[in-house]
Amino acid sequence: MRKEKPTPTGRSNGGSVFSLPATNSPILDTGDCSAGQSGPVWFLAGVFGCATNARSCTIPAGVALFFPIANGWADNTDCPSYDTFSVEQLVGFASGYPDSVSGMSCTIDGVPVKGLEDSITSPYRVGPQVFSHTLASTDNIYANFFGLTCIPDGITVYPTVEDGVYLLLAPLSAGQHTIHCTIESCHLDITYHLNVN
């Protein structure tokens, strides 16, 4: 499936945002941000496509946060027949969106993050990552959100490629915090209202 559109996904500790069912998914706003989370790093979901969204979330104290500013992913799960793109081709598809964005910004409690001016040279650019992920055992997002009904629940997808600009934020102090991320070229605007306790 070629997905050159902006797809800030965020990964759960279970593998990826795709490991969660569409009915309990932070990226689809059908589940709390705690869905699928455990351990010392939690992943804040972005959105599929360009959108404006505000979310409220309670985060345990001492947990670091990892989240996308701009990213794309690609795999071979096109319907009705599967694609056969090489890893190199999938890298090109996944990198296309983060390569093209402009006007990225992020503020943490009103303080701007430096280094987001250029998506290609940003120190927060992760670069292409090749991995596998397993879809939810019921109500998988590919079938139930993207309409790819030929994709069965519970399958493992490989290769999957993701590339983008991400931030890893040290644990925040107890209390209320706001993270606000935008991309001008995409009209993307995401606000996280966080309660750390």
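A quick note: this is a predicted structure, and the numbers were derived from the prediction, not measured.
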task = State whether the side chain of Asn144 and the backbone N or O of Asn140 hold a donor-acceptor pair below 3.5 Å, judged by distance alone.
result = yes
query = Cys106-Cys181 sulfur separation below 2.5 Å?
reply = no
task = Report yes if some heavy atom in the side chain of Val47 is under 4.5 Å from a heavy atom in the side chain of Leu188; otherwise report no.
result = yes
task = Please answer whether the main-chain N or O of Ala94 pairs with a side-chain N or O of Asp163 as donor and acceptor at a distance below 3.5 Å.
result = no
message = Could you report the tightest heavy-atom contact between Ser185 and Ser102, atom names first, then the distance?
response = OG-N, 3.0 Å
note = Shortest non-hydrogen pair, Val161 vs Phe131, comes out as C-CE2, 4.4 Å
message = Do Leu167 and Ile69 have side chains that approach each other closer than 4.5 Å (heavy atoms only, starting at C-beta)?
response = yes
Evaluation steps, ring-ring contact (aromatic ring centres under 6.0 Å, His included), between Tyr166 and Tyr124 = CA-CA 6 Å; Tyr166 296 85; Tyr124 305 109; over 10 Å; no
message = Would you call the rings of Phe85 and Phe93 parallel, tilted or perpendicular, taking 30° and 60° as the class edges?
response = perpendicular
message = When you compare the side chains of Asn71 and Glu162, does any donor N or O come within less than 3.5 Å of an acceptor on the partner?
response = yes
inquiry  = Assigning hydrophobic clusters by single linkage (Ile, Leu, Val, Met, Phe, Trp, Tyr; side-chain heavy-atom cutoff under 4.5 Å), is Leu169 placed with Val111?
reply    = no
ask   = Taking side chain as C-beta onward, heavy atoms only, is Ser25 less than 4.5 Å from Ile141?
value = yes
inquiry  = With heavy-atom distances below 4.5 Å as the criterion, would you say the side chains of Ile59 and Cys57 are in contact?
reply    = yes
query = Distance only, no hydrogens: is a donor on one side chain within 3.5 Å (strictly under) of an acceptor on the other, for Thr156 and Ser132?
reply = no
query = Say you draw a straight line from CD of Glu184 to CE of Met104; how long is it, rounded to the nearest 0.5 Å?
reply = 11.0 Å
Tyr97-Trp73 aromatic ring centre distance below 6.0 Å = no
message = Do Asn53 and Asp29 make a side-chain contact, defined as non-hydrogen atoms from C-beta onward lying under 4.5 Å apart?
response = yes
Side chain Arg55, main chain Leu44, donor-acceptor under 3.5 Å = no
task = Please name the pair of heavy atoms, one in Ala64 and one in Pro171, separated by the smallest distance, quoted to 0.1 Å.
result = N-CG, 3.8 Å
message = Could you go through Phe43 and Phe67, starting from their C-alpha distance and side-chain angles, then the distance that decides it, and tell me whether this counts as ring-ring contact (aromatic ring centres under 6.0 Å, His included)?
response = CA-CA 6 Å; Phe43 303 91; Phe67 54 95; over 10 Å; no
key: Side chains of Ile151 and Leu135 in contact at under 4.5 Å (non-hydrogen atoms)   = yes
request  = Measure across Thr58 and Trp42 and return the closest heavy-atom pair with its distance rounded to 0.1 Å.
outcome  = O-CZ3, 3.7 Å
Leu65 vs Ile179 side-chain heavy atoms within contact, under 4.5 Å = yes
Any side-chain heavy-atom pair of His180 and Asp189 under 4.5 Å = yes
query = Distance-only, no hydrogens or angles: does the Asp109 side chain make a donor-acceptor pair with backbone N or O of Thr178 under 3.5 Å?
reply = yes
ask   = Would you say the side-chain atoms of Asp139 pair up with the backbone N or O of Thr23, donor to acceptor, closer than 3.5 Å?
value = yes
ask   = If you measure from CG on Asp75 to OH on Tyr158, what distance do you get to the nearest 0.5 Å?
value = 12.5 Å
note = Looking only at heavy atoms, the pair that brings Thr52 and His187 closest together is OG1-O, 4.5 Å
task = List for me each residue that meets ring pair (Phe, Tyr, Trp, His ring centres under 6.0 Å) alongside Phe145, sequence neighbours excluded, and say none if there are none.
result = Phe48
query = How long is the span from the OG atom in Ser86 to the CD atom in Gln89, to the nearest 0.5 Å?
reply = 3.5 Å
request  = Please assess Leu90 against Asn76 for the test side chain to side chain contact (heavy atoms under 4.5 Å, CB included), listing each intermediate value before the final yes or no.
outcome  = CA-CA 8 Å; Leu90 294 173; Asn76 282 317; 3.9 Å; yes
query = Between the side chain of Ser95 and the main-chain N/O of Val91, is any donor-acceptor distance below 3.5 Å?
reply = yes
query = When you measure from the side chain of Ser19 to the backbone N and O of Thr134, does any donor-acceptor pair fall under 3.5 Å?
reply = no
ask   = Are Asp153 and Tyr142 close enough, and set up right, to give a side-chain hydrogen bond (donor to acceptor under 3.5 Å, both in side chains), and what steps lead you there?
value = CA-CA 9 Å; Asp153 292 331; Tyr142 280 50; over 6 Å; no
ask   = For Gly115, does its backbone N or O pair with a side-chain atom of Ser122 as donor and acceptor, under 3.5 Å?
value = yes
Check residues 190-197 and write down every donor-acceptor pair under 3.5 Å in which the side-chain atom is one partner and the other belongs to a residue at least two apart or another chain.
residue: Tyr192; atom: OH; partner: Ala45; partner atom: O; Å: 2.7
residue: Asn195; atom: OD1; partner: Gln176; partner atom: NE2; Å: 2.9

inquiry  = Can you give me the closest heavy-atom contact between Arg125 and Ile120, atom names plus distance?
reply    = NH1-CA, 3.8 Å
message = Quick one about Thr182 and Ser105 (side-chain donor to acceptor, distance below 3.5 Å, no hydrogens or angles considered), yes or no?
response = yes
